Protein chains: 2
Amino acid sequence: MAGRVTIAQVAEEAGVSAMTVSNVISGKPGASDETRRRVLEVAAKLGYRPNQAARNLKTGRSGLVGLIALDLTNQYGLEILRGVADELAGAEQELLVNASYHDAGREKDRIEFLAGGLVDGLLLIAPVLEDETIELLRRRKLPCVVIDPRRLDVPLPRITVDNYHGMRQGTQHLIDLGHTRIAYLRGGEDLESTSIRFRGFQDAMRLAGLEVAEELVATCDFTYASGFRTASRLISEHRPTALVAGADLLALGAIDAARSCGLTVPNDFSFVGFDDLPQAAQSFPGLTTVRQPLHDMGQKAALALLSLIEGQKLLMEHMELGTELIIRNSTAAPPA
Amino acid sequence: MAGRVTIAQVAEEAGVSAMTVSNVISGKPGASDETRRRVLEVAAKLGYRPNQAARNLKTGRSGLVGLIALDLTNQYGLEILRGVADELAGAEQELLVNASYHDAGREKDRIEFLAGGLVDGLLLIAPVLEDETIELLRRRKLPCVVIDPRRLDVPLPRITVDNYHGMRQGTQHLIDLGHTRIAYLRGGEDLESTSIRFRGFQDAMRLAGLEVAEELVATCDFTYASGFRTASRLISEHRPTALVAGADLLALGAIDAARSCGLTVPNDFSFVGFDDLPQAAQSFPGLTTVRQPLHDMGQKAALALLSLIEGQKLLMEHMELGTELIIRNSTAAPPA
DNA sequence: CTGTTAGCGCATTCAA
DNA sequence: TTGAATGCGCTAACAG
């Protein structure tokens, strides 16, 4: 429907061959300045734009990078996406975004679809990645980089974060402030990173000689509402003085739960999150949290994918990035 | 790189012609069950996937819908995007998402790029749309639907919201509660909807016999931080009892500003927002706000675009959707 | 119901 | 420095 003008028309109008137009348009050398000028002029006049489909068919590349995210509503994935987009802006690649909506079946379906030659490479954010899907990817030889897979050992190039030390550091911060009764809010069970973060919490506690009281640990979904609900119960029933959450969204819900119990943050109760989503800074009081370099992860993943697409060998199969404790105003010493 | 198996190979292996394979694969009628079965079997065995580029070249369609959003960080655009994605999921169209990052130049560049045959149609969220860009779109005859343009009268199919009555209703809610000193936080100047919302506020006040005190009206950027800053000043210097914001993000910032001034919401101070972003419900106290049907706007826009792509005439050039006042817990009667 | 012919628009190869 | 021929993989139109 679009791009009505073809290279042939430009060629005729400019009195040269299609080949010459092609060369000039794609900025190849080998064309006199005079010819180049005329071709460009005619192309502009006619409003010529190369037909992507034809170009793709010829070159075997689409100029598209596929990205499959869990959904398009959660900031976690979107921050990564921004990093990807920023990196891709420089390369001549566009982003084709698909969501799997937390459904393994749909994830497989989307991957299969995109792998059908639509994209030159694939970026997966927090995918489930069943064995069958991995097999498909390998068979197709489709360049692919995985960010934060559920199972950390997937046999594909991947980028993860040092969840263990991040959570230890976050927990340690509360311990240093003098807290001893610290609650923990785990995210959903099926992610390996959830367990790793919890281990970081446990170890920090144990090494400080503190007990991890079983009733102070609860599991909930990765949502604000679930964090609110679960924390309400934890706080009202067991009265800890601080809470560590496996994700900012949970921490944010928990803070509001404390507030609705009439507690003041951080005077009466301290909170530490994990992620450092934009909301963490845009809340009152600002949320102390363990920062994942989400934007950076996106950029690094995109960069790795681009080099894979160019046919280069990857420097490393697995890249683990560090975290950083961001201290804001949701933590303080426990009430006397 | 991907999709190595071609239709010819499948045809040979199955002992039929390429045409037959093509028909079977695209689910066209006219193929005996037996043939169909065999073709499908061979295709599966070989892992055949049609090459999109070739298909696109032949059919003149890419199966891609372009979407240009301001950026990928603000929930406003993302809610619309979700609506679009939901609608497109049913059609055989994929979404190619681009961001313009609030830059008119980049917006034009992106549109020009996508219009080069990459997409079958274009959805624009809150675009600037310079005259030149509109001209380009028309020349290319690229199907296009605009959501919430800055200038409401762009000569393209468009979907907007009834900003005027929405804001009147939101303001009226505060008036009904007994507020008389009501502040107003305007969003950035260059959007027509900003002015229209403000007019709704003014009219509601005037019709209730209330004065719109000049010092109680302030303009700020569409960000939480800017809302926080501006509201802090407004509240501490002029002591209104309620504030209406031209966007939820501003209201959320304003609420935290009130809190940081030691005020309790809604007992000491009431707030009304505009948009009903997910954050409005996920905050404490829940934000009373004027709901824009963002998801619905996305769906309707996508639906309209799809019919345009199918070559059908549009039922209407301009569609204005209604708003709804969502009363949560950020509003109450003014302190005695 | 199935096969043949042709060509979408471009870029690679080679020749001029 | 430029041009002619060729084919990427697929499907519309028609013929058998």
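Letters A, B, ... are given to chains in the order of the sequence lines, protein chains preceding strands, and every chain is numbered from 1. Here the structure is a predicted model, which means the values were calculated and not measured.
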K.L.:
I want to verify a distance call: between D:dG9, D:dT2, C:dA11, whose nearest atom is closest to the B:Asn51 side chain?
P.N.:
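The answer is D:dG9, which lies nearest to the side chain.
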K.L.:
Can you tell me the distance, in whole Å, between the CG atom of B:Asn23 and the P atom of D:dA12?
P.N.:
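From B:Asn23 CG to D:dA12 P: 8 Å.
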K.L.:
Could you state the interatomic distance from CZ (B:Arg151) to CG (B:Asp131), rounded to the nearest 0.5 Å?
P.N.:
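Between B:Arg151 CZ and B:Asp131 CG, I get 5.5 Å after rounding to 0.5 Å.
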K.L.:
Picking from D:dG3, C:dC10, C:dG9, which would you name as closest to the side chain of A:Tyr48?
P.N.:
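The closest nucleotide is C:dC10.
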K.L.:
Please tell me which of the listed nucleotides, D:dA4, D:dT11, C:dG9, lies nearest to the side chain of B:Ala18?
P.N.:
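The answer is D:dT11, which lies nearest to the side chain.
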K.L.:
Send over the distance from B:Lys58 NZ to D:dT11 C1', rounded to a whole Å.
P.N.:
5 Å
K.L.:
Could you state the CD1-P distance from A:Ile7 to D:dG3, rounded to the nearest angstrom?
P.N.:
12 Å
K.L.:
Taking CD in B:Glu92 as the centre, count heavy atoms belonging to other residues, nucleotides or ligands within less than 6.0 Å. Is the count above 12?
P.N.:
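Check fails, neighbour count at 12 or below.
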K.L.:
Without decimals, in angstroms, what is the distance between A:Arg61 CZ and C:dA11 P?
P.N.:
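For the pair A:Arg61 CZ and C:dA11 P, the rounded distance is 13 Å.
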K.L.:
To the nearest Å, how far apart are B:Asn56 CG and C:dC8 P?
P.N.:
16 Å
K.L.:
Where each residue is assigned the nucleotide of DNA chain D containing its nearest heavy atom, which of B:Ala53 and B:Lys28 is assigned the position nearer the 5′ end?
P.N.:
B:Ala53
K.L.:
Can you measure A:Arg37 atom CZ to D:dT1 atom C1' for me and round it to whole angstrom units?
P.N.:
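Spelled out: CZ on A:Arg37 to C1' on D:dT1 is 17 Å.
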K.L.:
Figure out the CE/C1' separation between B:Met19 and C:dG7, and round it to whole Å.
P.N.:
14 Å
K.L.:
Among C:dG9, D:dG7, C:dT2, which nucleotide sits nearest the side chain of B:Ser32?
P.N.:
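Selected nucleotide: C:dT2.
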K.L.:
Given C:dA11, C:dG3, D:dT11, identify the nucleotide with an atom nearest to the side chain of A:Ser22.
P.N.:
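Closest of the options to the side chain of A:Ser22: C:dA11.
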K.L.:
Can you tell whether the side chains of B:Glu41 and B:Arg38 come within less than 4.0 Å, N to carboxylate O?
P.N.:
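Looking at B:Glu41 and B:Arg38, the cut-off is not met.
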K.L.:
Go through D:dG3, C:dG3, D:dT11 for me and flag the one nearest to the B:Thr59 side chain.
P.N.:
D:dT11
K.L.:
With heavy-atom distances below 4.5 Å as the criterion, would you say the side chains of B:Tyr48 and B:Val39 are in contact?
P.N.:
no
K.L.:
Counting neighbours of CD on B:Glu132 that are heavy atoms of other residues, nucleotides or ligands and sit closer than 6.0 Å, is the number greater than 12?
P.N.:
no
K.L.:
Look at the side-chain N and O atoms of B:Arg55 and state whether any lies under 4.0 Å from the OP1 or OP2 oxygen of D:dG9.
P.N.:
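Result: no.
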K.L.:
Given D:dG3, C:dC10, D:dT1, identify the nucleotide with an atom nearest to the side chain of A:Thr35.
P.N.:
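In terms of side-chain proximity for A:Thr35, the closest of D:dG3, C:dC10, D:dT1 is D:dT1.
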K.L.:
Write down the distance between CG (B:Leu57) and P (C:dA11), rounded to a whole number of angstrom.
P.N.:
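My rounded result for the distance is 12 Å.
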K.L.:
Does the side chain of A:Thr20 get closer than 4.0 angstrom to OP1 or OP2 of D:dG3 through an N or O atom?
P.N.:
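The answer is yes; a side-chain N or O of A:Thr20 sits under 4.0 Å from OP1 or OP2.
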